[in-house]
Amino acid sequence: MKLKIAIQKSGRLYDDSLKMLRDCGIELTNGVNKLRTDACNFPLEILFLRDDDIPQYVADRVADIGIVGENVLLEKQASVQLVQRLGFARCRLSIAVLRGEEYNSIACLRGKKIATSYPGLLQQFLDTENVQAEIHEISGSVEIAPGIGLADAICDLVSSGSTLFLNGLREVETVLKSEAVLISNEDIGAQKQEILDRLLFRINAVKKAKR
Ligand code: PRT
Ligand code: ZN
């Protein structure tokens, strides 16, 4: 019996996800097949996927567990469990406006057009704040939208803030604080749960040692 973990195929989560496994003493076989590989000293199979697909694959049992950004987990609304926060890939989902634009409260967004790849999370936030605005969903290069007149504001991930700065934007609201999280299918069964518990024990031991 092996536990199947889905991790990002390439991108910002890839290196730290593999590093986390390595820190846990888990060695991967150097398979040529980059879509899946096995651990040689732990009952773990690794599947490499696009991060956006991971919550659904875990819900559908293609994988038992997975590593994704909390932002992706919450946007996708798949039926999976958040098992553990992992402390890397920290960022925030923020609303930003052009730097010259006047902005003193969230009411300034009323009736505005906001470009984002996170329409679900943005809508929830606007609903909570009781603000009606037009959400314009785009899949990439969100930060250029205001500069080219496609939108009045954006809602995108920010870490250092330099992308916003370079595009003449100013961060005005935080929608969500995010980090990488370990997610699990809601019913993986006793045997796989036992493997997951062993993995979690190691993850927590590594966390404590780093403190
Ligand atoms: O190909 P695939 O679909 O798997 O990857 P992806 O392109 O969708 O995701 P990727 O690799 O860019 O990000 C994966 C996860 O890393 C995200 O879902 C977040 O949880 C997390 N993360 C952490 C970030 C950032 N920091 C981040 N800064 N994801 C994206 N960014 C982008 C942001 O969108 C913006 O374009 O970086 C730019 C801003 O960075 P700063 O440093 O200039 O503020
Ligand atoms: Zn993605």
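Indexing begins at 1, ligand by ligand and atom by atom, following the structure's order.
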What atoms in ligand 1 come closer than 4.0 Å to a heavy atom of [X]?
X: G11; value: 11 (O)
X: S160; value: 41 (P), 42 (O), 43 (O), 44 (O)
X: V158; value: 44 (O)
X: T163; value: 38 (C), 39 (C), 40 (O), 41 (P), 43 (O)
X: G69; value: 20 (O)
X: C91; value: 19 (C), 22 (N), 23 (C), 26 (N)

Nearest neighbour of atom 3 (O) of ligand 1 from the list D52, I154, L93, on a heavy-atom basis:
D52
Is [X] salt-bridged to [Y], cutoff N-O under 4.0 Å?
X: E27; Y: R22; value: no
X: D152; Y: K113; value: no
X: R85; Y: E70; value: yes

Does the protein put any heavy atom within less than 4.0 Å of atom 8 (O) of ligand 1?
yes
How would you list, by chain and number, every residue that makes a side chain to side chain contact (heavy atoms under 4.5 Å, CB included) with K210, sequence neighbours excluded?
K19, D23, V206
Let me confirm one number: the [atom1]-[atom2] distance from [X] to [Y], rounded to the nearest 0.5 Å.
X: D16; Y: R90; atom1: CG; atom2: CZ; result: 11.5 Å
X: L44; Y: L199; atom1: CG; atom2: CG; result: 6.5 Å
X: C91; Y: D156; atom1: SG; atom2: CG; result: 9.5 Å
X: S94; Y: L169; atom1: OG; atom2: CG; result: 11.5 Å
X: I95; Y: R170; atom1: CD1; atom2: CZ; result: 13.0 Å

Residue and atom name of the nearest protein heavy atom (relative to [atom]), distance in Å to one decimal:
atom: atom 14 (C) of ligand 1; result: D51 OD2, 3.5 Å
atom: atom 36 (O) of ligand 1; result: E143 OE1, 3.5 Å
atom: atom 19 (C) of ligand 1; result: N71 OD1, 3.5 Å
atom: atom 15 (C) of ligand 1; result: L13 CG, 3.8 Å
atom: atom 11 (O) of ligand 1; result: R12 N, 2.8 Å
atom: atom 35 (C) of ligand 1; result: L157 O, 3.6 Å
atom: atom 1 (O) of ligand 1; result: R50 NE, 3.7 Å
atom: atom 10 (P) of ligand 1; result: Q8 NE2, 3.8 Å

Donor-acceptor pair between [X] and [Y] side chains, under 3.5 angstrom:
X: Q123; Y: D127; answer: yes
X: E173; Y: Y103; answer: yes
X: S139; Y: S117; answer: no

Give a yes/no verdict on a cation-pi contact between R99 and F165, requiring under 6.0 Å between NZ or CZ and the six-membered ring centre and an angle within 45° of the axis.
yes
Does the ring of F48 carry K34 above it, NZ/CZ under 6.0 angstrom from centre and within 45° of its axis?
yes
I want to know if ligand 1 touches S178 in the polar sense, i.e. an N/O pair below 3.5 angstrom.
no
Do any nitrogen or oxygen atoms of S162 come within less than 3.5 Å of a nitrogen or oxygen of ligand 1?
yes
At a cut-off of 2.8 Å, list the protein N/O/S atoms near the Zn ion (ligand 2), residue plus atom name.
D51 OD1, D52 OD1
V80 versus E186, closest heavy-atom pair with distance
N-OE2, 3.9 Å
Taking all non-hydrogen atoms of both residues, which atom of P55 and which atom of V72 are closest, and how far apart?
CG-CG1, 4.0 Å
Can you tell which part of V72 has a heavy atom less than 4.0 Å from ligand 1: side chain, backbone, both or neither?
side chain
Which bit of D156 is near ligand 1, meaning a heavy atom under 4.0 Å away: side chain, backbone, both or neither?
side chain
For E179, state whether at least one heavy atom is located under 4.0 Å from any atom of ligand 1.
no
